[in-house]
Number of protein chains: 2
Amino acid sequence: MKKLNPLLHQELRLSIISFLANVEWVEFNKLLEATSASKGNLSVQLKKLETADYIEIEKSFKDNYPLTRCRMTELGRDELESYIQTLKSMLDI
Amino acid sequence: MKKLNPLLHQELRLSIISFLANVEWVEFNKLLEATSASKGNLSVQLKKLETADYIEIEKSFKDNYPLTRCRMTELGRDELESYIQTLKSMLDI
DNA sequence: AAATTTGGTTTATATTATAAACTAGTTTAT
DNA sequence: ATAAACTAGTTTATAATATAAACCAAATTT
């Protein structure tokens, strides 16, 4: 039985990654809304995904305010695909 | 976005449940082999699943040794099905 | 110019997972 | 018959992880 990637096998990070899978650059606040996470938790989990190179984080300013955007990397996409395959075989779906 | 049942969204417990989904009564040692877990971890996670009534645990003796068998309950089966549906919608699969 | 809001980050705490240590007994070798 | 080794687990101490509360810097509103 193949092991589930523990970085992806966590609800918030999986929500983030599966959300990012369908779009390009997404703002922090958009993810906040999409995932219903707290800001602190979202910040921490985004950094973990970034550290693993599953997403990239780009910081800028918009209308004078800091603005953080994220998008998935190729590695992130590959790992998600692989995670899904593992799940499918585990669950027979 | 529906929440993933945290009792099932854990690798070992998910392995246990998805293994039990396809069989009837299974012995502790069989699960040990099927999941490659440590005995302690398996014992703990089985108890959690039993506490939630997702599985039942039956203790007996075989050839003088204690023997523990488990099987899934109807609730366990329902919750697994529901977990899979949530995952599918989350991951678009 | 004080109070509030925005857009986050850091960090302390709570939760969870895991493996090491233990229990209780059985079998085997001496 | 008794010590050593093994079976089949459980308990518990520690490690890892998740989460939210507290914080920060700057911008805006009053």
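Each chain gets a letter, A, B and so on, in the order the sequences are listed, and its residues count up from 1. Given the structure is predicted, the values throughout are model-derived calculations rather than measurements.
- If you check every strand for non-hydrogen atoms under 4.0 Å, B:T68 touches sugar and phosphate atoms only.
- Per the geometry, CD belonging to B:E11 stands 12 Å off P belonging to C:dA19, to the nearest Å.
- Taking NZ of A:K48 as the reference point, atom CD1 of A:I55 lies at 12.5 Å (rounded to 0.5 Å).
- For the pair B:L7 CG and C:dT15 P, the computed distance is 16 Å after rounding to whole Å.
- Remark on DNA chain D: of its neighbouring residues A:P66 and A:A37, the 5'-side contact belongs to A:A37, judged by nearest-heavy-atom nucleotide.
- With rounding to whole Å, B:N5 atom CG is found 12 Å from C:dT16 atom P.
- For B:K3 and D:dT19, the NZ to P distance is 7 Å, given to the nearest whole Å.
- The phosphate of D:dT11 (OP1 or OP2) has a side-chain N or O of B:K47 nearer than 4.0 angstrom.
- Side chains of A:Y54 and A:N5: a donor-acceptor N/O pair is present below 3.5 angstrom, by distance only.
- B:L12 comes within 4.0 angstrom of nothing in the nucleic acid, heavy atoms only.
- For C:dT6, neither phosphate oxygen OP1 nor OP2 lies less than 4.0 angstrom from any side-chain nitrogen or oxygen of A:N64.
- Each of A:E58, A:E50, A:E56 was scored for a salt bridge (Lys or Arg N to Asp or Glu O under 4.0 Å) with A:R69, with one residue passing: A:E58.
- A:Q10 has no side-chain polar atom (N or O) that falls below the 4.0 Å cut-off from OP1 or OP2 of D:dT17.
- Using a 4.0 Å heavy-atom cutoff across all strands shown, A:L42 reaches no nucleic acid atom at all.
- C:dT30 is paired with D:dA1 under the Watson-Crick or G-U wobble criterion, all donor-acceptor distances under 3.5 Å.
- Note that the CG atom of A:L31 and the CG atom of A:L46 stand 6.0 Å from one another [nearest 0.5 Å].
- Out of D:dT10, D:dT12, D:dT19, the shortest distance to the side chain of B:S43 is found at D:dT10.
- Phosphate proximity of C:dG7 to A:K59: absent, as no side-chain N or O sits under 4.0 Å from OP1 or OP2.
- As rounded to whole Å, 10 Å separates atom P of D:dT19 from atom NE2 of B:H9.
- A donor-acceptor pair is defined here as one N or O able to donate and one able to accept, closer than 3.5 Å; no such pair exists between the side chain of A:R13 and the backbone of A:L49.
- Close to D:dT7, at under 4.0 Å from its OP1 or OP2, lies no side-chain N or O of B:N29.
- Relative to the side chain of B:F28, the nucleotides D:dA18, D:dT10, C:dT11 differ in distance, and D:dT10 lies closest.
- Of all nucleotides listed (C:dG8, C:dT6, C:dT27), C:dT6 comes nearest to the side chain of A:Y65.
- Side-chain nitrogen and oxygen atoms of A:R13 include none within less than 4.0 Å of the OP1 or OP2 phosphate oxygen of D:dT17.
- At whole-Å resolution of the value, CZ in B:R69 and C1' in D:dA8 are 14 Å apart.
- With distances taken from any side-chain atom of A:K39 to the nucleotides D:dT11, C:dA19, C:dG8, the minimum falls on C:dG8.
- The CZ-P distance, from B:F61 to C:dT27, rounds to 12 Å in whole Å.
- Spacing between atom CG of A:L32 and atom P of D:dA20 amounts to 12 Å, rounded to whole angstrom units.
- Residue A:V44 has its side chain nearest to D:dA20 when only D:dA20, D:dT12, C:dG7 are considered.
- The listed nucleotides are D:dG9, D:dA20, C:dT9; the one nearest the side chain of A:N41 is D:dA20.
- In this structure, the side chain of B:Q10 engages the main chain of B:L12 through a donor-acceptor pair within 3.5 Å.
- Of the candidates D:dA8, C:dA19, D:dA18, the closest approach to any side-chain atom of A:K48 belongs to D:dA18.
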